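Worth knowing before you read on, the calculation uses all heavy atoms, side chains too, and leaves out hydrogens, waters and symmetry mates. On a predicted model such as this, the values are computed, not experimentally measured, just so you know.
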Amino acid sequence: MNRHRTALSVLLSAGALVAGVLTAATPSTAADTPTSFRPQQTQGFWTAERMRAATPLDVTAVPGVARTAVAASAAPTAIAPTAASSAVSPTAFPQAGGAWTGGGAVVKTSGRVFFTMGGRTASCSGNSITSANGSTVMTAGHCVKYQGAWHTNWVFVPAYDNGAAPYGQWPATKTFATDQWAASEDMNMDVGLAVVAPLNGQTLSQAVGAQGVLFNGGYNKKMYSFGFPAAAPYDGTKLVYCSGNSGKDFLLTKDHSLGCNMTGGSSGGPWFQDFNEATGLGTQVSVNSFGYTFLPNRMYGPYFGNEAKAAYDKAQAS
């Protein structure tokens with residue numbers, strides 16, 4: 001690995017890689033587009049032991065050479081949250097990384113994502129978002145597709161609790177990524193989504209609620225990020241959050257920037273602005289994506305512009 005790539009190693013999905021060559025996933029069906037995939041599912045695959053043993057996906061990547069310009073000046077598009085939850089006591093702001101003890105809606109809407117990638121099991125984070133189909137999960141692009149291969153056995157476990165799935169395991173019927181991530185894994189566009197099957201006669205949003213989403217919302221906001229980091233010093237058993245005033249990446253991407261010490265496994269977890277600590281509801285504007293090795297304790301998340309909106313529209317209409 002050359003020095004340039006090492007310096008730009010993606011930390012937020014980091015964790016020791018299991019040795020082995022990645023193999024291609026099952027090809028998409030003819031009805032799918034190059035930016036979507038129908039992952040195969042193995043009934044009963046995700047046991048508590050297998051979830052605990054899943055390795056945080058390790059991505060070593062540099063932002064795409066032909067980076068896509070982000071349309072920050074476009075008119076904002078907001079989707080309101082679904083349902084509310086009981087009020088709780090507020091917690092500290094800012095926060096560089098700690099267990100979320102506030103309760104509220106975010107405890108149910110956020111969760112761990114599990115999938116198989118080649119011959120190994122891996123994990124990320126995700127969040128239930130309001131959508132037309134009531135069954136859409138937002139995550140990072142590399143949590144649905146990486147190095148040209150779509151992940152299989154993809155499930156979302158809201159409110160994951162150390163191997164337990166209090167609201168069930170929600171298998172993906174179809175996963176999506178932005179056009180730019182699917183084509184070239186452009187780090188500016190590291191956005192993925194999944195549509196999950198109903199469970200026990202309910203859609204995901206009926207069972208756990210769903211957060212609002214905002215596209216083209218601008219930069220430099222007060223932000224809260226959530227995830228299930230599973231690499232040391234974390235172990236993947238707790239919902240962790242960071243909060244603070246966000247900025248903008250001044251190096252190689254157009255991403256949001258936030259002081260945060262989350263580690264591998266947190267990739268795909270939601271970033272909120274207008275987050276209400278009392279209800280646990282917010283407006284999602286990004287996902288945990290990457291960090292620079294030479295800038296520790298700082299996390300980056302893609303700007304939700306027109307490209308992310310297009311991917312969202314495809315998912316919610318699926």
In terms of heavy-atom contacts, Ser123 and Phe115 come closest through C-CE2, 4.1 Å
Rounded to the nearest 0.5 Å, the NZ atom of Lys221 sits from the NE2 atom of His256 at a distance of 9.5 Å
| query | Got a donor-acceptor contact below 3.5 angstrom from the Ser243 side chain to the Gln95 backbone? | reply | yes
Between Pro166 and Ala159 the two heavy atoms that sit nearest each other are CG-O, 3.2 Å
Hits for side chain to side chain contact (heavy atoms under 4.5 Å, CB included) against Ser135, two or more places apart or cross-chain, chain-then-number order -> Asn133, Val195, Val196, Thr203
Modelled atom types, side-chain donor and acceptor of Ser267 and His142, under 3.5 Å
yes
Leu204 side chain reached by Phe156 side chain, heavy atoms, under 4.5 Å:
yes
Quick note, disulfide bond (SG atoms under 2.5 Å apart) partners involving residues 166-220, not counting sequence neighbours, are none
May I ask you to decide if the ring planes of Tyr300 and Tyr292 are parallel, tilted or perpendicular, using 30° and 60° as cut-offs? perpendicular
Applying salt bridge (Lys or Arg N to Asp or Glu O under 4.0 Å) to Asp161 and not counting sequence neighbours gives none
* Asked: Are any of the side-chain heavy atoms of Val213 and Thr130 separated by less than 4.5 Å?
  -> no
Measure from the side-chain N and O atoms of Gln211 to the backbone N and O of Gly280, and report whether any donor-acceptor pair falls under 3.5 Å. yes
State yes or no: are the ring centers of Phe45 and Phe114 separated by less than 6.0 Å?
no
TODO: Check whether any side-chain N or O of Ser128 sits under 3.5 Å from a backbone N or O of Thr109 as a donor-acceptor pair, and report yes or no.
DONE: no
- Report the C-alpha separation of Tyr303 and Lys248 in whole Å, then their side-chain angles, then the decisive distance to 0.1 Å, and conclude whether the side chain to side chain contact (heavy atoms under 4.5 Å, CB included) test is met. CA-CA 9 Å; Tyr303 183 86; Lys248 183 178 180 182; over 6 Å; no
Between Lys108 and Pro158, the two heavy atoms sitting closest are O-CB, 3.2 Å
dist Ser257:OG -> Phe250:CZ (nearest 0.5 Å) comes out at 7.5 Å
Pairs under 3.5 angstrom only: tabulate donor-acceptor contacts from the side chains of residues 225-232 to other protein residues two or more places apart or in another chain.
none

>> Donor-acceptor pair, distance only, cut-off 3.5 Å: does the side chain of Tyr160 make one with the backbone of Gly163?
In response: yes
For Tyr234, the side chain to side chain donor-acceptor pair (under 3.5 Å) test, sequence neighbours excluded, returns Asn261
>> So Val240 and Ser266, do their side chains get closer than 4.5 Å, heavy atoms only?
In response: no
| said: A side-chain contact here means heavy atoms from C-beta on lying under 4.5 Å apart; do Cys242 and Met262 qualify? | reply: yes
So the disulfide bond (SG atoms under 2.5 Å apart) pairs with at least one residue in residues 270-318 (sequence neighbours excluded) are none
Heavy-atom nearest pair, Leu193 first then Thr136, reads CD2-CG2, 3.8 Å
Rounding to 0.5 Å, atoms OG1 (Thr283) and CE (Met223) come to a distance of 10.5 Å
Hits for side chain to side chain donor-acceptor pair (under 3.5 Å) against Thr173, two or more places apart or cross-chain, chain-then-number order -> none
query = Any sub-3.5 Å donor-acceptor pair from Thr116's side-chain atoms to Thr152's backbone N or O?
reply = yes
Applying side chain to side chain contact (heavy atoms under 4.5 Å, CB included) to Ala308 and not counting sequence neighbours gives Val191, Phe215, Phe304
Taken in chain and number order and not counting sequence neighbours, the residues that satisfy salt bridge (Lys or Arg N to Asp or Glu O under 4.0 Å) with Asp249 are none
| task | Kindly indicate whether the side chain of Met299, heavy atoms from C-beta on, has any atom under 4.5 Å from the side chain of Asn288. | result | yes
Q. Hey, does Ile129 have a side-chain heavy atom less than 4.5 Å from the side chain of Tyr312?
A. yes
Across all chains, not counting sequence neighbours, the side chain to side chain donor-acceptor pair (under 3.5 Å) partners of Asp313 are Lys309, Gln316
State, without any angle test, whether Asn127 and Gln284 hold a side-chain donor-acceptor pair at a distance under 3.5 Å. yes
Closest heavy-atom pair, Gly126 versus Pro270, reported as atoms and distance to 0.1 Å, is O-CD, 4.3 Å
- Has the side chain of Asn188 got a donor or acceptor atom that lies under 3.5 Å from a matching backbone atom of Lys254? yes
So CH2 of Trp181 and NZ of Lys145: to nearest 0.5 Å the spacing works out to 10.0 Å
Salt bridge (Lys or Arg N to Asp or Glu O under 4.0 Å) filter on Lys314, not counting sequence neighbours, yields Asp179
Check your understanding: Which class fits the ring pair Phe275 and Phe272: parallel under 30°, tilted 30 to 60°, perpendicular over 60°?
Key -> parallel
What one should report as the nearest heavy-atom pair of Ala172 and Thr175 is CB-CG2, 4.0 Å
Separation between OG1 (Thr263) and CG (Asp235), nearest 0.5 Å, reads 9.5 Å
d(Asp190 CG, Thr253 OG1) to nearest 0.5 Å is 10.5 Å
Sorted by chain and number, sequence neighbours left out, side chain to side chain donor-acceptor pair (under 3.5 Å) with Ser286 holds for none
Between Glu185 and Gly148, is there a donor-acceptor pair closer than 3.5 Å when you use the side chain of the first and the backbone of the second? yes
* Asked: Is there a donor-acceptor contact under 3.5 Å from the side chain of Ser125 to the main chain of Gly265?
  -> yes
